[in-house]
There are 2 protein chains.
Amino acid sequence: MGVTIKDIAKTAGVSYSTVSKALRDSPLVKEPTKERIIQIAKQLGYQPNAAARSLVSKKSHTIGVVWPTIERVTHSALITGLNKQLEELSYTTLISINEMEFAINTFNRYQVDAIVAFDERNSKEPANSTVPIVTYGIADDTSLFPTVDVNRKQAIRSAVEYLTSIGHKKINYIGDLLQEDRLQEEKVNGFKQAIHEFDLDPYYSRIVSVTDLEQYDGYQAAKKLLNDPERPTALISGSHDLTKGILRAVYENGLSIPDDLSIISYDNIPATENFDIPLSTVGVPLQLITEKLAEVLMAVINEEEIDHSIYLEPELKITESCQSINGG
Amino acid sequence: MGVTIKDIAKTAGVSYSTVSKALRDSPLVKEPTKERIIQIAKQLGYQPNAAARSLVSKKSHTIGVVWPTIERVTHSALITGLNKQLEELSYTTLISINEMEFAINTFNRYQVDAIVAFDERNSKEPANSTVPIVTYGIADDTSLFPTVDVNRKQAIRSAVEYLTSIGHKKINYIGDLLQEDRLQEEKVNGFKQAIHEFDLDPYYSRIVSVTDLEQYDGYQAAKKLLNDPERPTALISGSHDLTKGILRAVYENGLSIPDDLSIISYDNIPATENFDIPLSTVGVPLQLITEKLAEVLMAVINEEEIDHSIYLEPELKITESCQSINGG
DNA sequence: TTGAAAGCGCTACCAG
DNA sequence: CTGGTAGCGCTTTCAA
């Protein structure tokens, strides 16, 4: 065992309740005493015992993140952002990669203040949790917990809407529809719906399926697509990485953007890369999502009223990577 | 707050110390009483309070994983494996993606039983930790904590050794040497050393640098390489994903393995994919690593003696993807 | 076989 | 401003 407040009290020659107060920066302790105590604590390498603390205070200032699908790279950026966000609110983040129920139990035992679950499977079973839970994923009215989500359907739909508005009739969507990933599914649904809504010919406006959302997949898919004489005039890409591969394929084929092809990429990270041409994107910035998640977490901790489902609406940012089909 | 053992005691009509014993499956409680108590606990949805428990028992049965470089995909597989491994030993895994020192502090406060740190930066600062720490990464004699690691240098060296033994003189290594990643660096060092040791001509036996270890990077690198008239007769790939891309490029170029090119891939995952040809690999299986890590963790928890640095030696598995340079 | 009681390290309250 | 003390939920003696 390590140093306790009693040890500090002894060497400081004060009572241990005074130490407790000093360490919590209570105004009930004289400034010099406080400083001396803090000094000694530092010297002794004191680490407050979270168990003891949360046992009495019923607060751990810790958020549990349930993340069973650790392989999903998308979420790793999100969780990194959330971690930072929560750090600023002086909350500590702890992650469990166990399956939903086990992880929730663990966090309950540890008395975290709130849990945020990233789970595509969006379970309908009533988790036995004393700790409030917030989920990230497909928000719907039947979900058991407050949910934060991105309107991916609308994102893709509005991309199609814009492209048709500038004259495109052959619009393809490159994305993942093989995995059981409701997040990807929603994007595909948005595309399908838009096809219908904007009366596009399904023969020309297709969904190109890739098995993953990485650069390589985009490259291969685009390679195939662009050799087709019936190739589209506009492309919507399901992810940023996918887009990188697509662009590569476009240039290798000697085509140019936007003259031969307009591109809009689904995206949620701030543009860091320098593409040859600034990329048109649609999506909700990662920071907005993590901010909202943090906000909802704080709300459930403080037992404030919140909307059950928060659906963040995507923004469409159009740059020179899109061109009117008439050449304008 | 949730249900406590006192609540259970009340409805069961026994003292709460009996409940505590029953729940811990102590032989000091009569079987029927025990069963009744367990039954009631389940009904009430009892979750033991980890804080209270670890406060008195000084054991949390939890391992803290420090993983600041969450983006490193390699480690995610390793951590998944370790998590499973530890689960079998009935230990719970909690992950922190904060930077080393902060994470170690957090886990100290939480009184985890041991910490395992995945940190490429392999800090030399003496972490102020009461909890024992084990690191995974470049093992060297100066490291502050017990370390488990893979002899990556030897892995690549032995691949070169084998290839030269069957007559290859033009051997290339495709890998990452741009990132500040000591793990990758070691592989490159192994290659450099082998060039020297086996007296290969550096003009023909080169290191091909990629910026990441993914399929796409392997594809691009190989594409360029294979068009070179001075192309190598054998290739060593720095990662499994890289290899997938390389193979793709090989086939696209109309070359065949092993007739035109022998390949050995650095690897640590059990072959799940069906390549056209079984792949020669060198490396330490992931499971061996996680087993060893778990073993060392248990050792430090029980204060047993252990080697300070455990260097796992890679195995070379040769299949038809390698061929003698004389065509044998 | 069960119960009573001490105490883990800490916070929060009350008395001085 | 400082010290004493109760008690958070639990495990672990020790007594009954």
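Excluded from the calculations below are hydrogen atoms, water molecules and symmetry mates; all remaining heavy atoms, backbone and side chain alike, are included. Residue numbers begin at 1 in each chain, while the letters A, B, ... track the order of the sequences.
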Which of the following nucleotides, dT12(D), dT2(C), dG7(D), is nearest to the side chain of R24(B)? dT12(D)

Expected output: side-chain K34(A) to main-chain S26(A) donor-acceptor under 3.5 Å: yes

Is a donor on one side and an acceptor on the other found under 3.5 Å between the side chain of T80(B) and the backbone of S76(B)? yes

Can you pull out the residues from residues 7-14 of chain B that lie within a 4.0 Å heavy-atom distance of DNA chain C? V14(B)

Can a donor-acceptor pair be found, under 3.5 Å and without considering hydrogens, that links the side chain of N49(B) to the backbone of A51(B)? yes

If you take all heavy atoms of L286(A) and A77(A), which pair is closest and at what distance? CD2-CB, 3.7 Å

Of A51(B) and T18(B), the one whose closest DNA chain D nucleotide lies more 5': A51(B)

Minimum-distance pair of heavy atoms, taken over all atoms of L82(B) and A294(B): CD1-N, 4.1 Å

Has the side chain of R36(B) got a donor or acceptor atom that lies under 3.5 Å from a matching backbone atom of A12(B)? yes

Strictly distance-based, threshold 3.5 Å: is any side-chain N or O of S57(A) a donor or acceptor partner for the main-chain N or O of R53(A)? yes

Atom-to-atom span, CD1 of I5(B) to C1' of dA5(C) - whole angstrom: 13 Å

All ring pair (Phe, Tyr, Trp, His ring centres under 6.0 Å) counterparts of Y91(A), not counting sequence neighbours: H61(A)

Atom pairs, protein N/O to nucleotides 13-16 of chain C N/O, distance under 3.5 Å:
{"residue": "dC13(C)", "atom": "N4", "partner": "K21(A)", "partner atom": "NZ", "Å": "3.4"}

May I ask you to decide if I269(B)'s main-chain N or O and H240(B)'s side chain share a donor-acceptor pair within less than 3.5 Å? no

Closest-nucleotide mapping onto DNA chain C: is S20(A) or K6(A) further toward the 5' terminus? I mean the 5' end. K6(A)

dC8(D), dC10(C), dC8(C): which one has an atom nearest the side-chain heavy atoms of K58(A)? dC8(D)

Rounded off to whole Å, could you give me the CD-to-C1' distance for the Q111(A) and dC10(C) pair? 15 Å

So if I apply the ring pair (Phe, Tyr, Trp, His ring centres under 6.0 Å) rule between Y136(B) and each of F118(B), W67(B), Y311(B), F145(B), which one comes out positive? F118(B)

Closest to the A52(B) side chain: dT1(C), dC10(D), dC8(C)? dC10(D)

Using a cut-off of 4.0 Å on non-hydrogen atoms, how would the nucleic acid contact of T33(A) be classed: base, sugar-phosphate, or nothing? sugar-phosphate

Of the listed nucleotides (dT2(D), dC10(D), dT11(D)), which one gets closest to any side-chain atom of S57(B)? dT11(D)

Starting from the C-alpha separation in whole Å, work towards a yes-or-no answer on salt bridge (Lys or Arg N to Asp or Glu O under 4.0 Å) for K292(B) and E295(B). CA-CA 5 Å; K292(B) 208 64 190 176; E295(B) 195 185 311; 3.4 Å; yes

For the pair S60(A) (side chain) and Q111(A) (backbone), establish whether a donor and an acceptor sit closer than 3.5 Å, ignoring hydrogens and angles. yes

Report for the helix from dT1(C)-dA16(D) to dG16(C)-dC1(D): angle between first-end and last-end helix axes, five pairs each, rounded to 10 degrees. 50°

State which of dA5(C), dC10(C), dG9(D) makes the closest approach to the side chain of L55(B). dG9(D)

Among the candidates dG9(D), dT2(C), dG9(C), find the nucleotide nearest to the side-chain atoms of N49(A). dG9(C)

With the threshold set at under 4.0 Å for non-hydrogen atoms, list the residues of residues 34-48 of chain A touching DNA chain C in residue-number order. Y46(A), P48(A)

Sequence-distant partners of Q47(A), side chain to side chain contact (heavy atoms under 4.5 Å, CB included), two or more places apart: N105(B), N108(B), R109(B)

Out of dT2(C), dT11(C), dA6(C), which has the shortest distance to the side chain of Y16(B)? dA6(C)

Minimum heavy-atom distance T62(B)-V112(B), with the two atoms named: O-CB, 3.4 Å

